[in-house]
Amino acid sequence: MLYWVVKAILTPVLRVFWRPWVEGLDHVPTRGPAILASNHLSFLDSFFLPLVVPRRITFLAKSDYFTGVGLKGWSKRKFFKGVGQVPIDRSGGRASEGALRTGVRVLDSGELLGIYPEGTRSPDGRLYRGKIGVARMALEAGVPVIPVAMIGTFEVQPLGRHVPRIRRVGIRIGRPLDFSRYAGMADDRFVLRSMTDEIMYELMSLSGQEYVDMYAQRRKEDLAAAREAQAAAESPGRAEPPARPGSPVRPDAPSRAEAPSRAESPPGAAESRPGAEQPLPAEPTDPEPAPVTRP
């Protein structure tokens, strides 16, 4: 109930100031479960998408939004629950498995699930490598994945900006991606990586973003280390902080941008797109939203 009250209050405000446009709304099913997988450019992403979609969307959001204390913490918890967000622990391991189970429960109840495959907001407006949690949820729940591209929200409120700018934003919704050919293969990381790369490829095509083949969180850590190193260099007498192991600090070196790899389908599975030539590296347990966040 609170979801619809909050939506009714925010809709006229968002429409007047940011005048969101939408394409492909007919790709969202009028009933039944589906995953809305979106790029993540701004805190406001989780507000604009529910604004244009008639059905309720449940987002997976980081648990930080629900752990505050006092009146402020209580107000935040009520607000984020009211806009359709459920908390997940993004620390990895068993926490990630719990997040997966939460997402599958939402889908099993016939709802729309919103998730950000990148796991966190983009630090620079580019599209980063997706985490495979979205693929596992799609296979375990047996639902389609609908790619959603947020347009212009980074310019409105990039990471670190508290007061949003006033300018028009857009939402472009792609055709549902059917992964039923991989049914029963939710434990195959090769399949999960292939599916996730296909989702990210669609997001890149819809959004027009430059793709960076690394995780957004890793990029944030590299940028933070570079800032610390620069601050140490500009402060006489301060020791330079060590770089994160295995991650040399190169603040001036551009990240290599390339399209997501399209790994070959496993034997017996229908082929989707050209496969990746290099073996896939191990990666941490997923997922991390959303939200899953819209924040």
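All residue numbers refer to positions in the sequence shown, counting from 1.
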Next on the checklist: For a quick check under 3.5 Å, do Arg193 and Thr196 share a side-chain donor-acceptor pair by atom type?
Outcome noted: no
Next on the checklist: Could you tell me if the side chain of Pro144 sits less than 4.5 Å from the side chain of Asp178, heavy atoms only?
Outcome noted: no
Item to check | All side-chain contact (heavy atoms from CB on, under 4.5 Å) counterparts of Val169, not counting sequence neighbours | outcome: Trp18, Pro20, Phe48, Thr153, Val156
Checklist entry - What closest approach, in Å, do Leu100 and Gly133 show between heavy atoms, and which atom pair accounts for it? => result CD1-O, 4.1 Å
Next on the checklist: Working note: Arg105 + Arg101, criterion side chain to side chain contact (heavy atoms under 4.5 Å, CB included); need CA distance, chi angles, decisive distance, verdict.
Outcome noted: CA-CA 6 Å; Arg105 281 198 301 272; Arg101 299 269 72 82; 3.9 Å; yes
Checklist outcome for this item: Residue pairs meeting salt bridge (charged side-chain N to carboxylate O under 4.0 Å, His left out), one or both in residues 15-30, sequence neighbours left out, come to Glu23-Arg172
Item to check | Non-hydrogen atoms of Leu51 and Lys7 that approach each other most closely | outcome: O-CE, 3.9 Å
Item to check | Nearest-0.5 Å distance that lies between atom CD1 in Ile199 and atom CD1 in Ile146 | outcome: 11.5 Å
Next on the checklist: Is the shortest side-chain heavy-atom distance between His27 and Arg175 below 4.5 Å?
Outcome noted: yes
Checklist entry - What distance do Leu113 atom CG and Leu36 atom CG have between them, rounded to the nearest 0.5 Å? => result 8.0 Å
Next on the checklist: Looking at Gly125, is its backbone amide N or carbonyl O close enough to the side chain of Gln209 to form a donor-acceptor pair, meaning the two atoms are under 3.5 Å apart?
Outcome noted: yes
Next on the checklist: Check whether Thr11 reaches the backbone of Ala8 with its side chain - one donor and one acceptor, N or O, closer than 3.5 Å.
Outcome noted: no
Checklist entry - Donor-acceptor pair, Thr120 side chain versus Gln217 backbone, under 3.5 Å? => result no
Checklist entry - According to a 4.5 Å side-chain heavy-atom criterion applied to Ile, Leu, Val, Met, Phe, Trp and Tyr, with indirect links allowed, do Val148 and Leu41 form part of one hydrophobic cluster? => result no
Next on the checklist: Show the nearest heavy-atom pair for residues Glu118 and Met200, with the distance to one decimal.
Outcome noted: CG-CE, 3.9 Å
Checklist entry - If we only count heavy atoms from C-beta on, is the Ile57 to Tyr3 side-chain gap below 4.5 Å? => result yes
Item to check | Reported CD1-to-CE distance for the pair Ile173 and Met150, which is rounded to 0.5 angstrom | outcome: 9.0 Å
Checklist entry - So, are Arg161 and Glu155 salt-bridged, with charged N and O less than 4.0 Å apart? => result no
Next on the checklist: Is there a side chain to side chain contact (heavy atoms under 4.5 Å, CB included) between Val6 and Leu10? Walk through the geometry before answering.
Outcome noted: CA-CA 6 Å; Val6 173; Leu10 291 181; 3.7 Å; yes
Checklist entry - Are Ile115 and Leu139 in one and the same hydrophobic cluster, where Ile, Leu, Val, Met, Phe, Trp and Tyr link if side-chain heavy atoms are under 4.5 Å apart? => result yes
Next on the checklist: The criterion is side-chain contact (heavy atoms from CB on, under 4.5 Å); which residues satisfy it with Pro123, sequence neighbours excluded?
Outcome noted: Tyr128, Ala216, Arg219, Lys220, Leu223
Item to check | Test log, rule salt bridge (Lys or Arg N to Asp or Glu O under 4.0 Å), inputs Arg136 and Glu97 | outcome: CA-CA 10 Å; Arg136 286 192 62 192; Glu97 188 66 24; 3.4 Å; yes
Next on the checklist: I want to check something: taking the side chain as every heavy atom from C-beta on, are Asn39 and Ser122 in contact at a cut-off of under 4.5 Å?
Outcome noted: no
Next on the checklist: Let me check something: do Leu206 and Val53 share a hydrophobic cluster, defined by ILVMFWY side-chain heavy atoms less than 4.5 Å apart, either directly or through other members?
Outcome noted: no
Item to check | Heavy-atom closest contact (Leu107 atom, Ala34 atom, distance) | outcome: CD2-O, 3.5 Å
Checklist entry - Between Glu111 and Pro33, is there a donor-acceptor pair closer than 3.5 Å when you use the side chain of the first and the backbone of the second? => result no
Next on the checklist: Tell me whether Leu44 shares a hydrophobic cluster with Ile171, the cluster being built from Ile, Leu, Val, Met, Phe, Trp, Tyr side chains joined at under 4.5 Å.
Outcome noted: yes
Checklist entry - Would you say Tyr201 and Ile151 are hydrophobically clustered, going by side-chain heavy atoms of ILVMFWY under 4.5 Å? => result no
Item to check | Candidate list Arg126, Arg129, Arg218, test salt bridge (Lys or Arg N to Asp or Glu O under 4.0 Å), partner Asp213, passing option | outcome: Arg129
Checklist entry - Under 4.5 Å between any side-chain heavy atoms of Pro54 and Val28, yes or no? => result no
Checklist entry - Rounded to the nearest 0.5 Å, how far apart are CG of Asp187 and CD of Glu140? => result 7.0 Å
Next on the checklist: Can you give me the closest heavy-atom contact between Leu112 and Pro29, atom names plus distance?
Outcome noted: CD2-CG, 4.4 Å
Checklist entry - Which heavy-atom pair separates Pro158 from Arg165 by the least distance, and what is that distance? => result CD-NH1, 3.8 Å
Item to check | Mutual orientation of the aromatic rings belonging to Phe179 and Tyr182 [parallel < 30°, tilted 30-60°, perpendicular > 60°] | outcome: parallel
Checklist entry - Between CE of Met214 and CG of Asp222, what distance do you get to the nearest 0.5 Å? => result 5.0 Å
Checklist entry - At what distance, to the nearest 0.5 angstrom, does CD of Glu202 lie from CD of Glu198? => result 6.5 Å
